[in-house]
Protein chains: 2
Amino acid sequence: MSKHEKIGPEVESSLINADAQVESFRQTRNNRRTELVEDYVELIADLIEDGGEARQVDIAQRLGVAQPTVAKMLKRLISEGYIQQRRYRGIFLTEAGQKLAELCRERHHIVESFLCSIGVSPETARIDAEGMEHHASAETLEAFKAFLARATPPRRVAGQA
Amino acid sequence: MSKHEKIGPEVESSLINADAQVESFRQTRNNRRTELVEDYVELIADLIEDGGEARQVDIAQRLGVAQPTVAKMLKRLISEGYIQQRRYRGIFLTEAGQKLAELCRERHHIVESFLCSIGVSPETARIDAEGMEHHASAETLEAFKAFLARATPPRRVAGQA
DNA sequence: ATTGAAAAATAGCCTTGGCTATACTATCTC
DNA sequence: GAGATAGTATAGCCAAGGCTATTTTTCAAT
Ligand SMILES: [Mn+2]
Ligand SMILES: [Mn+2]
Ligand SMILES: [Mn+2]
Ligand SMILES: [Mn+2]
């Protein structure tokens, strides 16, 4: 605390441990630095799978941003090794890019399905998942998956034990 | 799609409706623009409640950022009407600030409790909630609350019906 | 009252992620 | 093959959110 230290009887505080809190904020800031990259790579993978190629105009249209914004971001993706680009040609995912895309798609799907499974409407789940996915740790994803497995029990053939 | 339109047999696509997707991305970008404000206001409320005052050094220490970063952010909070500041003195929440803080605290608590309730460890729930909270819509929060009410049933006095 | 230390303010820098306007290239069509 | 046009690149602007280094102010202790 600052110079003006507070002492006195230990009362129930709305403040949690400072080191724990700073860790949360740091982790969250960290996630924020990668969420755009993740969304781009995931979207590029989808576009390629769907149409055989990913073009800047399509990416821009899907994201709702201007084309030069995409062009700039693609340079970041190149410098980070996720895509390759041939001038005036399309975008291709590197090995690392494909791996990241796969992770993101899976994670995105888990989060969105989970939201639906607890009663959130598909439209809202779609929107919320787009933001929440980037802050779901491996442990939380496991919990989501476990819940989904419980909520959607594996169907048995008629006449189960 | 771009000039090179894809036609052909309708195959199961990994792409969702474009308008829906752009709406998700837009909403997510929007949430991102306010999450920092929300974290600051929530933290300031906690500091005031706990120690009677919120000082820049304490905010900086809790967030894990430098003091000038906080000073700059406080100007944004002032310009947006959430706090008042007396030079070289502490920070005070305006009416709007208190209202926002209350909303954020409640939302934060719901998200964190919910994660715990589905089996996520308290430490991970703390971290993930710090980021996820800003992307949880009213509808999702309601679903979380409903789940919590089910999972943690209101305790009855001994001898319930 | 002085003064030293803590806190706040300010200056100046950087990166990221937006935008518009404009120039360039590839490709399709004639 | 020459244009038209769709798509891409580039230049230049802005705001947000980080940082360090330095100055200014307050406050507590002598
Ligand atoms: Mn996604
Ligand atoms: Mn996303
Ligand atoms: Mn919070
Ligand atoms: Mn937060």
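First the proteins, then the strands, lettered A, B, ... as listed; each starts at 1. The structure displayed is predicted, hence computed values, not measured ones.
Side-chain polar atoms of Q27(A) and N31(A) form a donor-acceptor pair below 3.5 angstrom. Between the side chains of E139(B) and T124(A), at least one donor N or O sits under 3.5 Å from an acceptor N or O.
dG18(C) atom P lies 11 Å from atom CZ of F25(B), rounded to whole Å. In this structure, the CG atom of L63(B) is 10 Å from the P atom of dC19(D), given to the nearest Å. The CZ atom of R29(A) sits 9 Å away from the C1' atom of dG18(D) (whole-angstrom rounding). I78(A) places its CD1 atom 12 Å from the C1' atom of dT8(D), with the value rounded to the nearest Å. Residue L36(B) contributes atom CG, which lies 14 Å from atom C1' of dA15(D) at whole-angstrom precision. What separates NZ of K72(A) from C1' of dA15(D) is a distance of 12 Å, to the nearest Å. Atom CG of D39(A) and atom P of dT16(C) are 17 Å apart (whole Å). Here dG18(D) presents its P atom at 11 Å from CZ of R33(A), a figure rounded to the nearest Å.
With hydrogens and angles ignored, no donor-acceptor pair under 3.5 angstrom links the side chain of Q56(A) to the base of dA9(D).
Not one side-chain nitrogen or oxygen of Q67(B) sits closer than 4.0 Å to the OP1 or OP2 atom of dA6(C). Between R55(A) and dT8(D) there is a side-chain polar atom (N or O) within less than 4.0 angstrom of OP1 or OP2. Between Q85(A) and the phosphate of dT8(D), there is no side-chain N or O to OP1/OP2 separation shorter than 4.0 Å. The side chain of T69(A) contributes no N or O atom lying less than 4.0 Å from OP1 or OP2 of dG17(C). Residue K75(A) places at least one side-chain N or O closer than 4.0 Å to OP1 or OP2 of dT10(D).
Taking the six-membered ring for Trp and thresholds of 30 and 60 degrees, F147(B) and F114(B) have ring planes more than 60 degrees apart, a perpendicular arrangement.
Residue-to-nucleotide proximity on DNA chain C shows that, of R86(B) and V65(A), the 5′-proximal contact is made by R86(B). Mapping R87(A) and R32(A) onto DNA chain C by nearest heavy atom places R32(A) at the nucleotide closer to the 5' end.
For Y88(B), whose side chain is taken as the heavy atoms from C-beta onward, the closest listed nucleotide among dT25(D), dG18(C), dG18(D) is dT25(D). Checking dG12(C), dT20(D), dC19(C) against every side-chain atom of P68(B), the shortest atom distance belongs to dT20(D).
Using a 4.0 Å cut-off between a side-chain N of Lys or Arg and a carboxylate O of Asp or Glu, E35(A) and R32(A) do not qualify as a salt bridge.
Panel note: side chain R62(A), backbone L47(A); no donor-acceptor pair is recorded below 3.5 Å.
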